[in-house]
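What follows is one structure encoded as structure tokens, with my remarks underneath.
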Amino acid sequence: MQRNDDAPNTFSGRPSLLGLRPDDLYAHLADIGVSARLDQCRRALAHLLSDGESDLYATRKPLAKSFVADVLAHTEAQRLEVVERVTDPADGFVKYLLRSPDGALTEAVRIPLHKEGRFTVCLSSQVGCAMQCVFCATGRLGLTRNLKAWEMVSAFLTVRDEAPGRVTGAVFMGQGEPLHNYDEVIRAAEVLSHPCGGRIRAESISISTVGLLPAIRRFTEEGHRFRLIVSLTSALAERRAELLPVAGRFPLEEVAQTLRDHAASRPGLLTVAWVLMAGVNTDQAEIDALRELLGDLPLRLNLIDVNDARADGFRPPSDAERARFLSGLQVLGVPIVRRYSGGKARHAACGMLASRALQEDASAG
Ligand code: SF4
């Protein structure tokens with residue numbers, strides 16, 4: 001497993017505008033002796049990250065061209081290179097393959113929402129992943145490196161600018177474990193939700209995790225408005241440790257307490273994801289254990305069929321097996337949504353990537 005956190009920051013080595021909030025740009029310009037005001041930094045970012053249609057800050061009071069030139073001379077505005085776009089005609093998902101300055105490839109997916117003309121973007125947070133989930137192709141790659149915030153924002157802006165309608169949400173559910181790259185993912189989410197950045201409502205940004213408890217606790221303490229999706233996938237300790245080897249190291253009682261604290265810290269339902277695997281985690285023992293473990297929490301349960309391309313890999317349950325599990329779960333009395341893992345026809349679905357869960361999560365946000 002190779003780890004390279006010293007990957008080039010941008011194409012030029014200068015800080016990327018795409019990973020900066022107005023305060024950061026202000027501090028950077030001050031550091032290098034360029035005189036600027038905070039409101040100029042706000043308007044410069046709003047202008048440079050704009051989709052061209054809602055450039056509120058810039059149009060209210062036009063920026064001096066010399067200031068924009070100064071900003072561009074001391075920062076980087078270039079985006080990741082688009083290597084490939086693949087559209088799945090069956091469901092309208094569009095998968096983007098993007099190249100970073102060091103050659104690393106990353107993926108993003110444009111997902112149509114139920115509300116016509118609206119989209120959300122599924123973003124990767126790492127190149128590869130260290131979590132080793134046994135049903136996931138990315139997990140078998142190992143971790144190459146963390147993505148920088150600007151790379152995630154760049155992926156988002158590229159997808160947004162090419163969308164034939166409004167992009168109203170983002171979800172960190174692509175390659176990688178977002179909370180394993182905590183600082184950069186939170187920074188990216190802050191830029192995406194900033195009025196001078198991506199202008200997405202914070203509540204419409206979801207961050208998925210296999211359940212890294214120290215990071216969930218930090219997320220809870222910091223009080224972010226972004227939404228968490230926690231993949232449980234088994235409520236039986238031994239089975240969970242086999243399926244999710246890294247996350248499975250945390251005792252389930254500790255997982256439950258951490259989720260309880262998180263749920264208590266904010267209104268609304270806590271989303272728990274469950275990757276369905278035929279003959280593996282759809283039995284009555286799971287239902288009983290889940291009820292025992294999280295039965296007192298305000299949950300929403302997302303069921304997602306496994307998507308394993310290997311000939312001898314995990315398979316989604318049959319309709320009968322799935323219906324039996326669903327019916328048994330009714331005892332929990334919580335909303336249960338069966339999700340669709342989109343883009344399969346063109347291999348635009350990777351592990352947990354691009355689940356149609358996002359369609360409703362984003363709509364609900
Ligand atoms: S399912 Fe997610 S966390 Fe697990 S290995 Fe795959 S990308 Fe990583």
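Read the numbers this way: they start at 1 and go in the same order the structure lists the ligands and their atoms. The basis for the numbers below is simple: all heavy atoms, side chains too, and nothing from hydrogens, waters or symmetry mates. Start at 1 with the first residue, then count along the sequence.
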State, without any angle test, whether [X] and [Y] hold a side-chain donor-acceptor pair at a distance under 3.5 Å.
| X | Y | answer |
| --- | --- | --- |
| Tyr26 | Gln40 | no |
| Asn146 | Gln126 | yes |
| Tyr182 | Glu222 | yes |
| Glu76 | Ser16 | no |

> Just by distance, do the side chain of Ser265 and the backbone of His262 share a donor-acceptor pair under 3.5 Å?
Replying inline: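 At least one qualifying donor-acceptor pair exists.
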> For ligand 1, which atoms, with element, lie under 4.0 Å from some heavy atom of Cys129?
Replying inline: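 With Cys129 as reference, the close atoms of ligand 1 come out as 3 (S), 5 (S), 7 (S), 8 (Fe).
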>> Distance under 4.0 Å to a non-hydrogen atom of Val210: what atoms of ligand 1 satisfy this?
In response: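 Every atom of ligand 1 under 4.0 Å from some heavy atom of Val210: 3 (S), 4 (Fe).
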> What part of Cys133, side chain, backbone, both or neither, has a heavy atom within less than 4.0 angstrom of ligand 1?
Replying inline: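 Under 4.0 Å from ligand 1, Cys133 contributes backbone and side-chain atoms.
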> atom 2 (Fe) of ligand 1: which of Gly211, Gly139, Gly176 has the nearest heavy atom?
Replying inline: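 Residue with the shortest heavy-atom distance to the ligand atom: Gly176.
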> Backbone or side chain, does Cys136 get an N/O/S atom under 2.8 Å to atom 6 (Fe) of ligand 1?
Replying inline: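 Coordinating: yes.
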